[in-house]
Structures are given as structure tokens and as C-alpha cells.
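Presented below is the structure to which this report refers.
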Protein chains: 2
Amino acid sequence: MTTPDSLDARAGATRQLARGDVPVLQRASLREQVRQALEEFIVFGRLAPGEHLAEESLAELLGVSRQPVREALQSLSAAGFVDLRAGRGAFVHEPTAREAREVFHVRALLESDSCRLAAQNIDDDGARRLEVIYAEGHEASQRHDDPRRLIELNRTFHRTMTEIGGNRVSIALVADLERRAGWYLATIITNRAPSSWAEHREILDAVVARDADRARDLMLNHIDHSRDLLEFTGQ
Amino acid sequence: MTTPDSLDARAGATRQLARGDVPVLQRASLREQVRQALEEFIVFGRLAPGEHLAEESLAELLGVSRQPVREALQSLSAAGFVDLRAGRGAFVHEPTAREAREVFHVRALLESDSCRLAAQNIDDDGARRLEVIYAEGHEASQRHDDPRRLIELNRTFHRTMTEIGGNRVSIALVADLERRAGWYLATIITNRAPSSWAEHREILDAVVARDADRARDLMLNHIDHSRDLLEFTGQ
DNA sequence: TTTCTCCATACTGTATGCAGTATGGATGAC
DNA sequence: GTCATCCATACTGCATACAGTATGGAGAAA
């Protein structure tokens, strides 16, 4: 990812036949690839808050034309990663602690509700999936695996829980909020606490026991804990 | 709005100096104007669910080039009004009753929480603003004003309440959800009940009395009522 | 020195061009 | 009649072109 090398040599859209019986694998559009690349650049600090994102130079950097870059920037704007100033173009958004708190608050609302729903909907298959993720995450956190992987596992646990909740609108919103939250944590917080798999264990137990209210409350507290990490940074 | 007449004769962006001391009024970009126009066409049924939105013909209809149309379609896709199928282009989204229920559920979560926050934050100015809106809305609903206006006033009440709550992330999400909800009500429901200003009155009283929990619960029930309208349509 | 004006520069916003792909109907095989 | 194949058509996705605007600094005026 350090050498962007242009996004892809084979830019003329082709398809790949999957080995299994999954019918066809859609190659992502250029604008989607650009979007993901830019989001990574922003999240990992290679593009700093406030920085001006000139379409032409990004296009050159990524080996594409301005068009897909432009569309990617608009998408990132809707997701809160960049700001579009009329006539000035795109700038990396400068998150504030207030905004971070607000995102965590909304996330807590939506995820705790999804957790409540999950406790109502859970079936054996869902319970198994959660157990697998828990086992993996718990072990990885014990071993102090690479932080990138820990973040990924943590996110997988939350995402899966929300998916089991089953409200697709909520699922989509939470996915966005999680990505923003990850950025804030990486940007604002210097030293991130490892995600608490002890709390995940409690939540999981409540969900499997179909104790909806308890599951909801536990998830609420759980996310509030991560939000509390933000409080140290003031303003 | 029936004769799109091209969006604007003076397409070369110019600015207008406001009469008052509001400094400058930014003319919206073409893509934003197109976005709004298309959203109206969709919400008011001029573009029907499932319809293929070919960029060229829309561009011609609106008197602009494909480019701003394309960007507007992508924005509308993010907002849930159109679906983009890779290689096929944009189609007006076909809402389902399930999806509508989900939107109302999330809306209820976010707005009831904002209402709780509003009860904590409210000041004299906020209370005055709410009272004015209530008075206007109550009167209009008594008079059985034009439905379009009733919907507008209803939305204003909710938007103002959310704004007083003060969580900007929530404000932005709720604004999106309200627009979708409005579409669903117009599309799915044949006969929409007038918004209940009696319930608004109760909510407003609780907020002004700073009774946060009661305000929250009332708003939750209030939105559930409108959601219940959806239940008649099955699936 | 300070402030205003003007202009060169860089970049956005919109339009147009072009290559490649999805689709549906015509055609032919069975 | 049914099914597979092929091709014309329409439209997308990306690239490029062009016009117009925001900005910052040079130079003039005070």
C-alpha cells in the first residue's frame, strides 16, 4: 500500500470465475477502489486532517483520471471523512472530540438496540458464529497480537452482533459509524486500550440466554467505556 | 416543477449579494440542484420505483450534461433513493414494508434520544421556537391545510426538536431518515393520517418541563404510531 | 508601513468523447 | 415449438477538454 503503483494494471473491467459455486465475482469499480484507498490513507494518517485533496494530484498518485477520484471524494464526504468546500474542493475532515463523542453516542444507541434484537432473534447458527469470533478474539488479545488484527476482530464481533439483530438500515449506519469511530480512536487517542473481550463474553452470554434487556444494557456500557477513552483529550 | 425547463438559464455560477447583512448566498452546484430535483421526482412519484434512470435522458430532461446527473445519482444511492447496479446504472429503489419499518425503528431510536437530550438542553429561546412551530402546526392541522404544508410543518417540529438535542451526528442521520420516511409514507400508504399535534403538545410540555425520560418515551410512542400505519400493508 | 487593487495561477465544476459491456431480440439448430 | 447463439443497440464507466472561479502575492496608492 505504500507504493500505489496505480490501482490496477488491468483497468479494462474483467471478471473472474470463482472456483466454487459462487457464480461470479464482481470487480469493484475504479471509484470504489479509489474510495477505499483514500479512506485508508486518511485513517492511517498518510493524509492528515485539514489537508487539501486536489483531484489532479490524487489521480496522478493513484494512476487514474480525475473522474473516479472526484466521485470517491464525494462519497467520502457523505461518510464524514472529507469536507467539500464549494469551489475549493475536498479537504480531509478535522475531527473534534465533540464529534467523536457524538459518533460514539449514536453508535451506542444503535448497537445496543441491535444487541437487544439479536438476543430476540439468535439461533444456533448465530450463536456458533459468535462463539467462534469470541474464541479467536479472546485468544488474540491474550497473545497481544498485532493491533491491526485486534481492531479487526473487535469490529467483526460488533458487526456480527448487529447483523444478527437483523435491522438492515441499522446495519448500514453502524458500519459507517464504526469506520469513523476507528479513525477517531486512531487519530485522537494516542494509546488505545485493547478491546475488552471480558465484556464481549458477558454480552454474548446474555444474547445466547435471550436476555434482551440485559444484552442491550451491557452493550450500552461497553461502548460507553470506549467513548470514555475520548474524554481525556478535552474539548 | 412540472416543466423542468432546464434547471437554470444562468448556468455559469454567479453569486447574489443578499439584501440584508447575510454576507453571500452560495448558489448550489448543479449536481446539488439535480439531486434535489430527482429526489422530488422520486418522492412525488413522477419517477416510479424500479424505473431505470438513464443518465443521458435525465440530463436532457434537466438541461444539463451527464456529469452532474451521474454525481447526483450516486448521492441519491447513498441516501437510499436509488440503487446502482454495476454496469447497469441507476434504478429507483423499490422500498419494502420491512425496510420502511426498519427506517421508522431507527428514527424512533434516534429521535427519542434527541428528545431526551433536548429536555436536558432546552433554553428559553428553544422553548419559544418550539411553541411557535407548534402553534402554527396545530392551527394548520385544525384548518385541514394543504397536505404538503402539513407534512412540512410536522417535519419542522421534529427537526427543531432534534436540533435542540444538539447531537450533530444524530441531526444529520435523522434528516436523511426523515426524508426516506416521508417517501415511504407517500408511496406505501394510500391515506396518511394527519400528524398528531396533540402528541406534539405533550412532548413539548415534557421537554419544557425538562422531564427527559418522559419526553423520550413520548417521542418513542409518537413515532411508533406513525410506524403502525405501515403495518396494514403487509409484507 | 499599511491597505487596496489587480492579475497570474491553480484547481474546481461541467461538458464532451470514447471504449467496453449488458441486454434482448433475431436467427438458426434441434 | 424450444433452446442456444450471435449481434445490434443502448448505456455505463472512465478519460479528457474547457470554461470559469477562488486565492495569494506583486505592485500601487496613501
Side-chain angles (χ1 to χ4, degrees), chain A residues 4 6-17 23-38 47 50-78 82-92, chain B residues 4 6-17 23-38 47 50-78 82-92:
Chain A
S6 106
L7 278 177
D8 202 349
R10 55 186 193 293
T14 55
R15 302 183 141 200
Q16 305 175 329
L17 210 49
V24 208
L25 205 61
Q26 294 271 3
R27 215 179 60 76
S29 63
L30 263 192
R31 70 165 177 275
E32 183 51 30
Q33 294 182 61
V34 170
R35 198 210 119 101
Q36 288 178 16
L38 292 182
L47 294 172
E51 195 166 336
H52 183 198
L53 301 173
E55 295 171 2
E56 180 67 43
S57 38
L58 289 180
E60 207 167 336
L61 175 71
L62 297 172
V64 300
S65 76
R66 275 179 58 207
Q67 183 65 20
V69 170
R70 186 176 167 75
E71 293 175 358
L73 288 173
Q74 287 174 19
S75 169
L76 287 171
S77 163
V82 316
D83 299 320
L84 295 178
R85 301 188 214 160
R88 303 287 327 281
F91 297 79
V92 178
Chain B
S6 108
L7 278 177
D8 200 350
R10 56 186 192 294
T14 57
R15 300 182 144 205
Q16 306 175 329
L17 209 48
V24 207
L25 204 61
Q26 293 272 1
R27 213 179 61 77
S29 63
L30 265 191
R31 72 163 176 277
E32 184 51 31
Q33 295 182 61
V34 170
R35 199 210 118 100
Q36 287 177 17
L38 292 182
L47 293 172
E51 195 166 336
H52 183 200
L53 302 173
E55 296 170 1
E56 181 67 45
S57 39
L58 289 180
E60 206 168 336
L61 175 71
L62 297 172
V64 300
S65 76
R66 277 179 56 206
Q67 183 65 19
V69 170
R70 188 176 165 74
E71 292 176 359
L73 288 174
Q74 287 174 19
S75 170
L76 287 171
S77 162
V82 316
D83 299 321
L84 295 178
R85 301 189 214 160
R88 301 289 325 279
F91 297 78
V92 178

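- Within a 6.0 Å radius of CD in B/Glu60, no more than 12 heavy atoms belonging to other residues, nucleotides or ligands are found.
- If you check the side chains of B/Gln74 and A/Gln74, you find no donor sitting under 3.5 Å from an acceptor.
- For the pair A/Leu84 CG and C/dG13 P, the computed distance is 7 Å after rounding to whole Å.
- Atoms CD (B/Glu32) and C1' (C/dT12) sit 17 Å apart, rounded to a whole Å.
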**Asked** For A/Leu62 and A/Leu38, what are the C-alpha separation, side-chain angles and deciding distance, and is it a side chain to side chain contact (heavy atoms under 4.5 Å, CB included)?
**Response** CA-CA 10 Å; A/Leu62 297 172; A/Leu38 292 182; 4.2 Å; yes
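- At whole-Å resolution of the value, CD in A/Glu51 and P in C/dC11 are 13 Å apart.
- From A/Leu73, atom CG reaches atom CD of B/Glu71 across 10.5 Å, with rounding to the nearest 0.5 Å.
- Atom CD of B/Gln67 and atom P of C/dT12 are 14 Å apart (whole Å).
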Could you go over nucleotides 8-12 of chain D and give all protein N or O partners under 3.5 Å, atom names and distances?
from, atom 1, to, atom 2, distance (Å)
D/dT12, OP1, B/Glu55, N, 3.3
D/dT12, OP2, B/Glu55, N, 3.4

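- Regarding B/Leu30, its CG atom lies at a distance of 15 Å from the C1' atom of D/dT21, rounded to whole Å.
- Taking each heavy atom of B/His52 and B/Ala90 in turn, the nearest pair found is CD2-O, 3.1 Å.
- Minimum interatomic distance between A/Val69 and A/Val34 (heavy atoms only, all atoms of both residues): CA-CG1, 4.0 Å.
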